[in-house]
Amino acid sequence: MRRLLLALSLSAGLASGAFAQNAEIEANISAQIQAFKADDFATAFTFASPNIQRLFGDPDNFGVMVRRGYPMVWRPAEVRFLELREISGALWQKVMITDGDGRVHLLDYQMIRQEGRWKINGVQLLGNSDPAA
C-alpha cells in the first residue's frame with residue numbers, strides 16, 4: 001500500500017511538472033503572437049532563441065520574415081494549442097491558427113530552455129493545413 005501511494009504521488013508530481021512546462025510554453029508562444037498583433041517586433045524578438053536572433057540580426061528583419069513568411073502568425077483570428085511532443089530530444093508544440101480569411105494552419109514550434117526560460121527555436125508550417133484547400 002505504501003508503495004502504491006508513493007507511486008501515485010510521484011506520478012502526480014511529474015504530471016503537475018509537465019502541466020507547468022506546457023503552460024509556460026503556451027504562454028511564451030501566446031505572448032509572442034500578441035506582440036506580433038501589436039506590431040511590436042522588438043518584444044516578439046525577445047521570445048526567440050539566441051540562434052534565431054543571430055539568424056535575423058534585429059527585430060526589424062525578424063518582423064519582415066514573419067509578415068512575409070508567416071502572415072497567419074502575424075494576424076491570427078484564432079490560436080489553439082494542440083499537443084506538446086518530444087521528438088529526438090526536442091520539444092515541439094503543435095499550434096492550430098485560423099487566419100483572418102478563415103483558413104486553418106497547423107504549425108510546429110520547436111522550444112528550447114535557455115537561462116531558465118522557454119524560447120522559440122523555430123517554427124514549421126505543417127504542409128497544406130487547410131482541409132478546404
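Since the model is a prediction, treat every value here as computed from it, not as a measurement.
- Using a 4.5 Å cut-off between side-chain heavy atoms of Ile, Leu, Val, Met, Phe, Trp and Tyr, with links allowed through other members, L84 and V79 fall into the same hydrophobic cluster.
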Side chains of residues 27-36: which donor-acceptor pairs under 3.5 Å do they make with residues two or more places apart or in other chains?
residue: N28; atom: ND2; partner: W118; partner atom: O; Å: 2.5
residue: S30; atom: OG; partner: E26; partner atom: O; Å: 3.0
residue: Q32; atom: NE2; partner: A44; partner atom: O; Å: 3.0

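- The heavy-atom pair separating D101 from D99 by the smallest distance is N-OD1, 2.9 Å.
- Under the 3.5 Å distance criterion, the side-chain polar atoms of Q114 are left unmatched by any main-chain donor or acceptor of P50.
- Side-chain contact check for F81 versus I25: every heavy-atom pair is 4.5 Å or farther apart.
- L125 approaches L107 most closely through the heavy-atom pair CD1-CG, 3.9 Å.
- No donor-acceptor contact under 3.5 angstrom links the side chains of D108 and Q124, judged on distance only.
- A donor-acceptor pair under 3.5 Å is absent between the side-chain atoms of T43 and the main chain of D40, judged by distance alone.
- Applying the side-chain contact (heavy atoms from CB on, under 4.5 Å) test to R117 and every residue at least two apart in sequence or in another chain returns nothing.
- Summarising the geometry, atom NZ belonging to K119 is positioned 7.5 Å from atom CZ belonging to F47; distances are rounded to the nearest 0.5 Å.
- Within the 4.5 Å cutoff, the side chain of V104 has no heavy atoms near those of the I97 side chain.
- Tracing side-chain contacts under 4.5 Å through hydrophobic residues (I, L, V, M, F, W, Y), one reaches M111 starting from L55; they form part of the same cluster.
- Hydrophobic clustering of Ile, Leu, Val, Met, Phe, Trp and Tyr side chains at less than 4.5 Å, counting indirect connections, unites L126 with L82.
- For the pair N22/E83, no side-chain contact is recorded, criterion being any heavy-atom separation below 4.5 Å from C-beta on.
- For the atom pair M96 CE and T98 OG1, the distance stands at 5.5 Å (nearest 0.5 Å).
- The salt bridge (Lys or Arg N to Asp or Glu O under 4.0 Å) test applied to R80 returns no partner, not counting sequence neighbours.
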- Task: Take I120 and Q110 through the test side chain to side chain contact (heavy atoms under 4.5 Å, CB included) and record every step on the way to the result.
- Result: CA-CA 6 Å; I120 299 166; Q110 184 186 33; over 6 Å; no
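- For the residue pair I52 and N121, the shortest heavy atom distance occurs at CD1-O, 3.5 Å.
- D60 pairs by the side-chain contact (heavy atoms from CB on, under 4.5 Å) definition with D58, not counting sequence neighbours.
- Remark: K37 pairs with no residue by the side chain to side chain donor-acceptor pair (under 3.5 Å) rule, at least two apart or across chains.
- Aromatic ring centroids of F41 and F62 lie 6.0 Å or more apart.
- Annotation: side chain to side chain donor-acceptor pair (under 3.5 Å) contacts of Q93 (sequence neighbours excluded): none.
- The hydrophobic cluster containing L106 does not contain W92, counting ILVMFWY residues as joined when their side-chain heavy atoms lie under 4.5 angstrom apart, directly or transitively.
- Put simply, Y70 and V95 are part of the same group of oily side chains (I, L, V, M, F, W, Y) that touch within less than 4.5 Å, one to the next.
- V73 places a side-chain heavy atom less than 4.5 Å from the side chain of Y109.
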